[in-house]
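Some notes on the structure that comes next.
In what follows, every heavy atom counts, from backbone to side chain, and hydrogens, waters and symmetry copies are set aside. Because the structure is predicted, anything quoted here is derived from the model rather than measured.
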2 protein chains.
Amino acid sequence: MQTDIKLEQSIWANPSNPNIVQIVDQRYLPHQIVIEDLTTVAQAATAIRDMHVRGAPLIGVTAAFGIYLALKNTQPENWEQDLKEATKLLLATRPTAVNLSWAVNEQLKTIATATTLAEKIELAYQNAGKLMADSIDRCKAIGEFGLEKIKALQKETGKSRLNILTHCNAGWLACIQHGTATAPMYEAHRAGLDIHVWVDETRPRNQGARLTAWELGQAGIPHTVITDNAGGHLMQHGMVDMVIVGCDRCSRRGDVANKIGTYLKALAAKDNKVPFYVALPSSSVDWSISDGLKEIPIEQRSGREVSQIVGWDGDKVSEVRLVPEGAQVANYAFDVTPAHLITGLIMERGICAADENAMLELFPEQC
Amino acid sequence: MQTDIKLEQSIWANPSNPNIVQIVDQRYLPHQIVIEDLTTVAQAATAIRDMHVRGAPLIGVTAAFGIYLALKNTQPENWEQDLKEATKLLLATRPTAVNLSWAVNEQLKTIATATTLAEKIELAYQNAGKLMADSIDRCKAIGEFGLEKIKALQKETGKSRLNILTHCNAGWLACIQHGTATAPMYEAHRAGLDIHVWVDETRPRNQGARLTAWELGQAGIPHTVITDNAGGHLMQHGMVDMVIVGCDRCSRRGDVANKIGTYLKALAAKDNKVPFYVALPSSSVDWSISDGLKEIPIEQRSGREVSQIVGWDGDKVSEVRLVPEGAQVANYAFDVTPAHLITGLIMERGICAADENAMLELFPEQC
């Protein structure tokens with residue numbers, strides 16, 4: 001455990017030892033800062049599956065480094081088999097975020113261009129770094145486009161302070177730097193705009209209460225943690241000017257899978273005429289599917305994530321049980337917000353409507 | 001602490017000692033069964049304010065017994081002043097549930113008909129018991145009308161198993177016996193119908209995960225605890241046939257204040273054509289107001305209820321912190337669901353639409 005670090009990035013290659021990839025083990029935040037060394041693909045897969053890392057862009061980059069670690073630890077006579085197994089292992093970790101398969105496929109394509117194992121290892125390392133750098137650039141661009149939208153909204157409403165609601169954590173902890181949903185907030189704060197963020201706690205794993213609140217606190221952005229139940233009431237009473245959330249997978253017509261409960265906030269936003277934006281890099285778009293509700297697989301996770309909760313007991317991170325002993329529990333991790341509830345998608349090339357034509361105008365190479 | 005009791009009622013007058021009113025201190029459920037003696041109005045007020053008891057009908061009956069305890073402990077020369085103070089104290093405990101002021105006023109009217117303090121004490125005791133018995137009767141009737149609706153829905157859908165979603169606890173723990181939202185479930189189970197209940201955990205105080213799950217478990221009704229975020233997803237996928245919730249205050253045109261997050265479920269029910277019912281006794285209707293959103297006061301409670309959570313640590317009921325140290329937290333306890341999102345009100349005289357004319361048809365004395 002290390003507690004004296006000022007973190008600003010969620011994953012990095014150890015600069016002095018290329019055998020080690022390092023992550024923040026996010027299960028302990030905000031109570032403890034734990035840095036974990038990943039040296040094998042099995043460790044990378046566990047880190048994704050058990051949510052030491054989470055968030056679509058970060059899952060992708062971690063998987064890319066996982067492919068690198070698999071090659072790093074194999075032998076010339078086994079690499080093909082080991083790579084196949086590593087790919088299978090990584091793809092099976094989590095089903096909803098499309099960045100996972102996207103990043104793994106990017107790695108496989110790159111590796112295929114090299115002849116020797118040594119070259120493949122080098123290319124996998126470089127490409128994982130490139131995917132990481134690209135992710136940072138995309139988030140930065142999302143922040144800049146989002147900032148313009150916030151400025152426009154401030155002008156339109158005439159309010160000096162804008163209240164933005166967000167669900168889950170789509171911050172730099174979910175990405176590499178900047179975040180997706182948080183990137184416009186960081187840019188706005190840097191530009192001196194007066195914003196306040198309503199942070200949904202985001203049950204069951206409380207990524208809002210634990211991670212987003214911690215990130216915004218570190219950055220000095222005013223924020224208030226609320227239960228997931230509260231957003232509708234706030235919107236009914238004019239206390240939310242804008243919603244920005246992240247995305248785990250977006251269909252080509254703009255249906256968005258995101259953390260469970262996002263759909264309920266989108267309904268409330270629609271009912272109260274609050275603009276509802278989704279911030280995402282194009283790596284979160286699954287261009288192969290159209291109907292998000294029917295086609296995006298929704299992960300079901302262990303009921304323990306609902307029945308038990310971890311927090312700080314004054315001395316250590318500790319777990320308590322919330323339900324009667326033996327109670328049956330279900331844990332759906334994501335839901336799909338249909339495109340018609342979404343005001344716009346904030347992407348690295350600009351902001352567009354959540355519909356196929358508008359998305360293809362920004363990304364004509366996907367036509 | 002007593003753990004070997006089979007409870008079926010949330011409050012009762014101690015049969016062998018009329019100086020003592022007894023309640024289940026619900027803060028410890030489902031982990032411990034703690035019975036608390038109330039012997040003063042101050043204790044009754046604390047029990048309401050700090051949610052040893054909760055739920056609109058139970059709050060009302062507890063307040064009625066509070067008035068009795070105030071008179072019981074006063075002297076002939078002080079009773080007027082003490083009653084005034086007791087009334088003020090009780091009315092200030094919680095602002096949203098209208099049953100509180102309704103029950104206190106019922107007591108004041110009754111007391112006014114007696115001349116001596118001894119008579120007033122006796123009348124207050126009898127009337128509190130009557131309000132308690134009436135509450136039980138009303139809930140029983142709600143259960144019977146709700147059962148007919150469940151039977152009709154089963155016939156209509158052709159499904160052998162009906163999935164009912166509920167939010168918070170509107171069970172016998174929130175009332176005296178039967179419950180409001182749960183009453184139709186108990187009746188259906190007793191009638192041998194195959195039902196399964198989705199239990200929203202209901203942050204921040206987890207009355208669903210703690211109380212409703214415990215109640216249904218005791219009764220042997222199949223149920224599954226879910227996060228408050230999950231209901232929309234379930235409805236999108238046809239996994240909810242009906243929603244039944246309770247009510248803290250209903251306006252004369254059918255706007256319903258209930259536990260925070262109810263509105264979000266009502267929006268999802270509307271969006272997915274799932275019938276959304278509110279079960280309530282007429283004591284929860286505030287006939288003096290029309291626009292629930294503008295006129296029902298919404299309680300804000302301590303942020304500690306959001307930032308900290310209690311559960312069973314394996315050994316005892318224990319508290320952990322969920323947010324970064326010092327994080328700002330807001331805690332709105334209720335929201336208002338507009339009448340147009342409600343399929344029907346299940347009341348002690350029948351089921352009616354959530355609108356003024358339909359309600360007045362059932363309760364013509366309120367015209």
Q: For chain A, find which of B:L211, B:L29, B:T227 contributes the most heavy-atom pairs closer than 4.5 angstrom.
A: B:T227
Q) Most heavy-atom pairs under 4.5 angstrom with chain A, which of B:N206, B:V310, B:D271? A) B:D271
Q | Contact class of A:P30 relative to chain B, heavy atoms under 4.5 angstrom | A | side chain
Q. Less than 4.0 Å between a side-chain N and a carboxylate O, is that true for B:E299 and B:R301?
A. yes
Q) Checking A:E319 against chain B: side chain, backbone, both or neither under 4.5 Å from a heavy atom? A) backbone
Q. Rounded to the nearest 0.5 Å, how far does CG of B:L293 lie from CD of A:Q236?
A. 4.5 Å
Q | Contact check, side chains of B:Q207 and B:M51, non-hydrogen atoms, under 4.5 Å | A | yes
Q: Heavy-atom pairs under 4.5 Å with chain B are the metric here; pick the option from A:P222, A:A230, A:G208, A:G217 that has the most.
A: A:A230
Q | Which of B:D200, B:I260, B:V199 touches chain A most, by non-hydrogen pairs under 4.5 Å | A | B:I260
Q: Specify which of A:V306, A:L322, A:T262, A:D313 makes the most heavy-atom pairs with chain B at under 4.5 Å.
A: A:L322
**Q.** Donor-acceptor contact below 3.5 Å, side chain A:K259 vs main chain A:V245
**A.** no
Q. Where does A:V317 contact chain B at under 4.5 Å (heavy atoms): side chain, backbone, both or neither?
A. neither
Q) Do the rings of B:W198 and B:H196 sit parallel, tilted or perpendicular, given the 30° and 60° boundaries? A) perpendicular
Q.
Please classify the contact between A:I298 and chain B as side chain, backbone, both or neither, with a heavy-atom cut-off of under 4.5 Å.
A. side chain
Q. Heavy atoms, side chains only, cut-off 4.5 Å: are B:M239 and A:Y332 in contact?
A. yes
Q) Among side-chain atoms of A:R210 and A:N169, is any donor-acceptor pair under 3.5 angstrom? A) no
Q: Examine whether an atom of B:L234 lies under 4.5 Å from a heavy atom of chain A, and if so say whether it belongs to the side chain, the backbone or both; otherwise answer neither.
A: side chain
**Q.** Residues, nucleotides or ligands: over 12 heavy atoms within 6.0 Å of A:K159 NZ
**A.** yes
(Q) Heavy-atom pairs under 4.5 Å with chain B - which of A:D335, A:D228, A:V225, A:I226 has more of them than the others? (A) A:V225
